Every structure is written in C-alpha cells, then in structure tokens.
Number of protein chains: 2
Amino acid sequence: MEGESNACRTKSGRERYRTSDRTALPRRGRSRRMSSVALRAAAPADTAAMLALLQTVAAEGDALPFLEGLDGDFIASQWLRAAGCVVACRGAVLLGMYRYGTIMPGRGSHICTATFAVSPDARGQGIGRALVTHCLDAAKAAGYQAMQFNQVVSTNHAALALYRSLGFIEAGCIPAAFRHDQLGYVDAYVMYRRL
Amino acid sequence: MEGESNACRTKSGRERYRTSDRTALPRRGRSRRMSSVALRAAAPADTAAMLALLQTVAAEGDALPFLEGLDGDFIASQWLRAAGCVVACRGAVLLGMYRYGTIMPGRGSHICTATFAVSPDARGQGIGRALVTHCLDAAKAAGYQAMQFNQVVSTNHAALALYRSLGFIEAGCIPAAFRHDQLGYVDAYVMYRRL
C-alpha cells in the first residue's frame, strides 16, 4: 500500500488542506505533514496508481496532451526516472503527483519543467497547490534557477490561477496550441518563475 | 560522397545563393535546384559530416544548447529519425542541415519544432533561408499546422532576422534561458509561425 509505506507521517486530524490556507503550505525546512495528505517520493510500487491517474486526467482532454502511449513503461521512463517525482496520498489513495526535470540540454539546463496531475475527486482541497509548492522547493534545492511550463492550456483556469498565485508569469502564448476535447483548438501559455 | 549521390541535381553555374534573392528560394512545387547548393533528405552516410557540423555549431556556444552527448547515436536518433531531416550540400561538402518533428504529443502534435545548423564557412549565402523555407514547406506538406521554436537565443540576430522575415513572431520570451559562452545568461524567444 504505497500510501502507508511512506516516510511522511500523515496528520491525525480531519482538517482539510485548503487552498486559502497559505500557512499550511510546505516550504523548505518546514514539516511536510499537512492535514491527512502526505507527499513523498514516488516509488515503482506506485506505477499502477500513477498510470490510472494520468490516464484519467488525460482523458478529460482539457489539460494534458497525451492521447496514447500511456502505459507502465511511460510512467517508469517519464515519471519515476525524472529528476524528481512525488506523489500526494491520503492513506493508500493516490490523490495527485508531479514530476520535474531539465527542460533543455546543456546551456538551457538550468531551467526545469514540471507536470502535475490531481485526481478529479480530490480537487479543490489545495492538493495542487501543495504539489506545486513542494515541486518549486525541490527543484530549487536541486539547483535549478527557474521553472518553465511549455503548455498551460488557456482554458484551464484553475491551473492558471494557481500558477499565477505562486509567482509564475505568462512568458508567452502559443496560438491554438492545444486541441481541447470540447473546445477545439485553444491557446496555451508558456509560464515561467524564477526559483 | 554524400553530396554526389543525392537525387537533387546541382546547378552548374557559379552563382551564389543570396539572402536577398527571394526569387531563388525554394517553394513548394518549385525546383529545388538553386545555385550550387542542393538540398536533399539526410541519409545514414551523412552521419559523420552532420555530427561534425553539429559539434562545430554547438561549440560556438551562442545558438545551440548542446554541451555533451553529441555522437553518432544522437545524430541517428534525434536527426535521421526525425519526422524530416534534410542536408544542404555543395558537391560533397555539407553546408547546413535541419530536422523537424512534433513538439508535443497528442493534443499538441499539430505543431512541429525544428533545429537548423549552418556551417560557419557557409554563412551569409542564404543557406539558412533556403533550409528554413524548405523546412516550412516540408512540415506543411507533412500536415503540421504551425512551427514553433522553443529557444531562439536573443543575441542570435541573424537567426532572429531570418525567422522574422519568414513570418515567425515572438510568441514569448524566456528570461535568462540560455547560458551564452561569451555573454552569460541571455534571454531566448519562443517563435511561432502558422503553416
């Protein structure tokens, strides 16, 4: 049970982790304990749950680009072997996850990129904010100077608001970059934040 | 001799292919013959010359990010197996090359990206323009709807001017995205053009 075997202790209370509760956000050096959600490094035993989550979020067709090729090998190569890969769990249930890694080789390798996914059932609880904050801290600790997202779908208002609130700027806008499942082609932002 | 075995005939005259000579640019349906430069699909026999060119341009430290990992396997996997890979040769001499391919999976796969390299000895002759124009035509013919570059170094004025003259716009600007060999960290543009 991946949620039970982690090194992070879970909070005993039933308090929800709220988006507005900035003080509960994990910061470097601050305890990772928060409400009943634990963030910890992803492990191979998480593969099936991570794959199911990624497939679920991709199938919504409004945030992640993937249409095919999502399988255990993809999780292993693109997530578990990323520079960093973290899952958010409540008990044994995977609620969300992120990965980060270098966005460009060599002379561009001081900037990282990241991907986030939160289970539809767990949205609105601040889990996305906890994941992004955790990821920013981890990437900075790993030596990256900035974080950049190449494709934030312009109609994904929750993600945009979250990233903006955490200091990301729209460094660019790619016209009709994303074929949204319901809306057709929509713009996507390139977002950037120094670490 | 890779330049001699290609299917494109070379022009017999000694006329240079000039940047200002827009009428000589290859367009879809127009002959690919132009001055003494031939553009043709890259082949495995080009690997050594392509690798040498890529290493030379990368070593200049002002346009391509690569600092390591440039070897025959890189040429094979990242160039020869790209959606399209073309070399520009004068006789047997490789003067420039490009590759293009899908920039994002699935819902972003209607946009392609591309990489270009021109030999330092062959610059100012319009070879870059010929390569980009050829690439735009090839990518459109392959079904892509737009071309996007994620990292055009802001101090690479020749490339910027070329891309702008061919209809690319700066869709974004990433601060300090490229560690320039002489100038330190410089911005990079995200450039975009519909096909």
Side-chain angles (χ1 to χ4, degrees), chain A residues 54-55 58-70 74 78 102-113 115 144-153 155-156 168-195, chain B residues 54-55 58-70 74 78 102-113 115 144-153 155-156 168-195:
Chain A
L54 199 62
Q55 288 172 329
E60 295 179 295
D62 57 1
L64 295 179
F66 312 110
L67 286 171
E68 58 187 3
L70 297 185
F74 184 86
Q78 303 299 308
T102 304
I103 196 167
M104 295 288 284
R107 297 182 182 280
S109 62
H110 52 289
I111 301 181
C112 66
T113 189
T115 307
Y144 289 103
Q145 297 178 23
M147 185 175 289
Q148 176 185 332
F149 307 139
N150 277 338
Q151 190 186 64
V152 182
V153 180
T155 52
N156 188 356
F168 283 86
I169 60 166
E170 286 99 25
C173 182
I174 311 300
F178 186 89
R179 188 164 62 78
H180 190 289
D181 188 56
Q182 286 88 45
L183 304 174
Y185 291 103
V186 296
D187 299 346
Y189 292 112
V190 179
M191 300 194 78
Y192 172 93
R193 181 191 188 277
R194 281 200 65 81
L195 296 177
Chain B
L54 199 62
Q55 288 172 329
E60 295 180 295
D62 58 1
L64 295 180
F66 312 110
L67 287 172
E68 57 187 5
L70 297 185
F74 184 86
Q78 302 299 308
T102 303
I103 196 166
M104 295 288 283
R107 297 183 182 280
S109 63
H110 53 288
I111 301 181
C112 67
T113 189
T115 307
Y144 290 103
Q145 297 177 23
M147 185 176 290
Q148 176 185 333
F149 307 138
N150 277 339
Q151 189 186 64
V152 182
V153 180
T155 51
N156 189 355
F168 283 85
I169 60 165
E170 284 100 26
C173 182
I174 311 300
F178 186 88
R179 188 165 62 78
H180 190 289
D181 187 56
Q182 286 87 46
L183 304 174
Y185 291 104
V186 297
D187 299 345
Y189 292 112
V190 178
M191 300 194 77
Y192 173 94
R193 182 191 188 278
R194 281 201 65 82
L195 296 177

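In this text, all values refer to a predicted model and were calculated from it rather than measured experimentally. Reminder, nothing fancy here: chain letters follow the sequence lines and each chain counts from 1.
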Requested in this report: Heavy-atom distances under 4.5 Å only: say whether A:Glu170 touches chain B with side chain, backbone, both or neither.
Outcome: neither
Report summary line: CD1 of B:Ile174 to CD of A:Gln148, rounded to nearest 0.5 Å, is 4.0 Å
Report task. Starting at CZ of B:Arg193, measure out to CG of B:Leu195 and round the result to the nearest 0.5 Å. Result -> 6.0 Å
Report task. Find the one option among A:Gly61, A:Ala176, A:Ala188 whose heavy-atom pairs under 4.5 Å with chain B are most numerous. Result -> A:Gly61
Report summary line: From the list A:Val190, A:Ile169, A:Ile111, A:Leu64, the residue making the most non-hydrogen contacts under 4.5 Å with chain B is A:Ile111
**Report entry** Within-4.5 Å side-chain heavy-atom neighbours: A:Asp62 and A:Thr155
**Finding:** no
Query - Contact class of A:Tyr185 relative to chain B, heavy atoms under 4.5 angstrom - result: side chain
Requested in this report: Evaluate side chain to side chain contact (heavy atoms under 4.5 Å, CB included) for A:Met147 paired with A:Phe168, printing each intermediate quantity in order.
Outcome: CA-CA 9 Å; A:Met147 185 175 289; A:Phe168 283 86; 3.8 Å; yes
Query raised in the report: Contact part of A:Tyr192 toward chain B, heavy-atom cut-off under 4.5 Å: side chain, backbone, both or neither?
Result: side chain
Report task. Please state whether the side chain, the backbone, both or neither of A:Asp181 comes within less than 4.5 Å of a heavy atom of chain B. Result -> both
Report task. With a 4.5 Å cut-off on heavy-atom pairs, point out which of A:Ser109, A:Gly69, A:Gly172, A:Ala177 contacts chain B the most. Result -> A:Ala177
**Report entry** Side chain, backbone, both or neither of A:Glu68 within contact of chain B (heavy atoms, under 4.5 Å)
**Finding:** neither
Requested in this report: Please identify each residue that fulfils side chain to side chain donor-acceptor pair (under 3.5 Å) with B:Gln78, with sequence neighbours left out.
Outcome: none
Requested in this report: Assess the pair B:Phe74 and B:Phe66: is the distance between their ring centroids shorter than 6.0 Å?
Outcome: yes
Requested in this report: Could you tell me which of A:Arg194, A:Gln151, A:His180 has the largest number of non-hydrogen atom pairs under 4.5 Å with chain B?
Outcome: A:Gln151
Query raised in the report: Taking every heavy-atom pair that is under 4.5 Å apart, which of B:Cys173, B:Pro175, B:Gly106, B:Ala146 has the most such pairs with chain A?
Result: B:Pro175
**Report entry** Structural part of A:Ile103 lying under 4.5 Å from a heavy atom of chain B
**Finding:** neither
Query - Sidechain-backbone polar pair: A:Arg179 side chain, B:Arg107 backbone, donor-acceptor under 3.5 Å - result: no
